[in-house]
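Numbering of ligands and ligand atoms starts at 1, following listing order. All residue numbers in this chain count up from 1 along the given sequence. Bear in mind that the values here come from a model prediction, so they are computed numbers and not experimental data.
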Amino acid sequence: MDELDERLKQAAQILYASKHNVVLTGAGISVESGIPDFRSPGGLWERYDIMEYGTISAFRSDPEKVWKMLSEMEDVVRKARPNAAHKALAQLERWGVLDVVITQNIDGLHQDAGSGNVIEFHGNSKTLTCLWCHRRYGIDEVGETCSPRCECGRYLKPDVVLFGEAIPADALNRSFGAASSCGALLVIGTSAQVAPASTIPVVAKRAGAVVIEINLAPSLLTSQTTDVFLQGRAASLVPALVERVGEILGDQGRAVDGGKPAGANASCGPPDA
Ligand code: APR
């Protein structure tokens with residue numbers, strides 16, 4: 001058995017044994033759905049300067065310019081479909097092995113894959129709000145125009161969190177609440193360069209959780225915070241991990257399609273790392 005396989009089994013055992021499991025995802029999980037990430041070579045922030053296109057003050061001073069970047073992003077997101085990683089996480093939730101997905105992504109692909117409990121830490125691109133009169137629109141209401149406007153005549157802003165904007169309070173509170181009470185945190189496809197999302201794994205670890213990370217390359221978390229690092233593509237490794245959890249559930253005589261019985265781990269706290 002190779003080292004990766006050994007670690008997959010170890011990670012599956014941790015998820016199985018832990019009472020509350022939380023997942024934190026970043027752009028890397030949606031790369032194999034056709035959405036490029038932000039900071040890998042060719043990523044969005046290599047082609048667009050963050051200060052000129054990614055901040056709320058840039059949007060306020062020149063919304064039409066920022067909409068060039070936003071509409072490119074929107075075109076790509078509109079065509080994307082969930083990949084095997086999103087689907088595997090939805091399966092893990094159906095089995096009762098995953099409580100909540102915290103995502104930094106604005107693409108809605110976890111929900112499209114069937115995940116029911118998703119916290120959108122950086123908002124979403126399905127709704128837009130007028131910063132001036134606060135009227136809110138669904139994406140289908142504004143059509144495919146490059147820079148949609150409100151009935152009041154001003155530019156609309158998608159409900160994604162730009163740099164300089166606050167994280168929605170409910171998402172912030174629920175995410176840090178989940179992080180500080182979980183037994184295991186699975187971190188998938190984030191470079192962990194943007195706070196406060198990047199501090200979620202640190203908070204979880206300090207509270208006693210085991211941190212499992214899946215990424216193509218080591219991130220800022222890997223050496224200090226991660227306990228089990230699984231290096232590779234999310235669309236391969238997440239299903240492989242979930243398959244191993246399924247094998248353990250099967251070995252325990254549980255119907256893997258019927259869900260893990262409530263309280264199956266009632267006596268387990270966070271497992272030892
Ligand atoms: N499988 C697994 N990991 C991958 C894959 C893949 N197929 N492709 C890329 N990755 C990894 C990269 O190695 C990198 O560590 O995903 C990570 C993507 O990092 P970023 O591009 O920085 O994306 P993210 O961490 O989600 O960015 C955080 O920054 O610009 C803001 O608001 C934006 O939510 C975003 C935030």
Before accepting this row, confirm whether a basic side-chain N of the pair [X]/[Y] lies closer than 4.0 Å to the acidic partner's carboxylate O.
X: Glu72; Y: Arg47; value: yes
X: Lys157; Y: Glu165; value: yes
X: Asp159; Y: Lys126; value: no
X: Asp170; Y: Arg174; value: yes

Near [X], which atoms of ligand 1 are under 4.0 Å from a heavy atom of that residue?
X: Gly232; value: 1 (N), 2 (C)
X: Glu32; value: 1 (N), 6 (C), 7 (N)
X: Gly189; value: 3 (N), 16 (O), 17 (C), 18 (C)
X: Phe163; value: 30 (O), 31 (C)
X: Arg233; value: 1 (N), 7 (N)

Can you find an N or O of Asn105 that's nearer than 3.5 Å to an N or O of ligand 1?
-> no

Contact partition for Ala234 relative to ligand 1, non-hydrogen atoms under 4.0 Å = both

Is there a donor-acceptor contact under 3.5 Å linking the side chains of [X] and [Y]?
X: Ser219; Y: Ser191; value: no
X: Gln104; Y: Thr190; value: yes
X: Asn83; Y: Arg233; value: no
X: Thr25; Y: His110; value: yes
X: His86; Y: Ser30; value: yes
X: Glu213; Y: Gln231; value: no

Identity and separation of the nearest protein heavy atom to [atom]:
atom: atom 27 (O) of ligand 1; answer: Arg39 NH1, 3.1 Å
atom: atom 3 (N) of ligand 1; answer: Leu216 N, 3.3 Å
atom: atom 34 (O) of ligand 1; answer: His122 ND1, 2.8 Å
atom: atom 35 (C) of ligand 1; answer: Phe38 CE1, 3.5 Å
atom: atom 28 (C) of ligand 1; answer: Gln104 OE1, 3.3 Å
atom: atom 22 (O) of ligand 1; answer: Ser191 OG, 2.6 Å
atom: atom 18 (C) of ligand 1; answer: Asp37 OD2, 3.4 Å
atom: atom 10 (N) of ligand 1; answer: Gly28 CA, 3.6 Å

Measure from [atom] to every heavy atom in [options] and give the option owning the shortest one.
atom: atom 23 (O) of ligand 1; options: Ala27, Gly43, Gly26; answer: Ala27
atom: atom 12 (C) of ligand 1; options: Val187, Asn215, Ile106, Ile29; answer: Asn215
atom: atom 24 (P) of ligand 1; options: Leu237, Thr190, Val194; answer: Thr190

Straight-line distance of Ile212 CD1 to Asp227 CG, nearest 0.5 Å = 8.0 Å

Under a heavy-atom criterion of less than 4.0 Å, does Trp45 contact ligand 1?
-> yes

Do we get Lys68 above Tyr53's six-membered ring, with its NZ or CZ under 6.0 Å from the centre and within 45° of the axis?
-> no

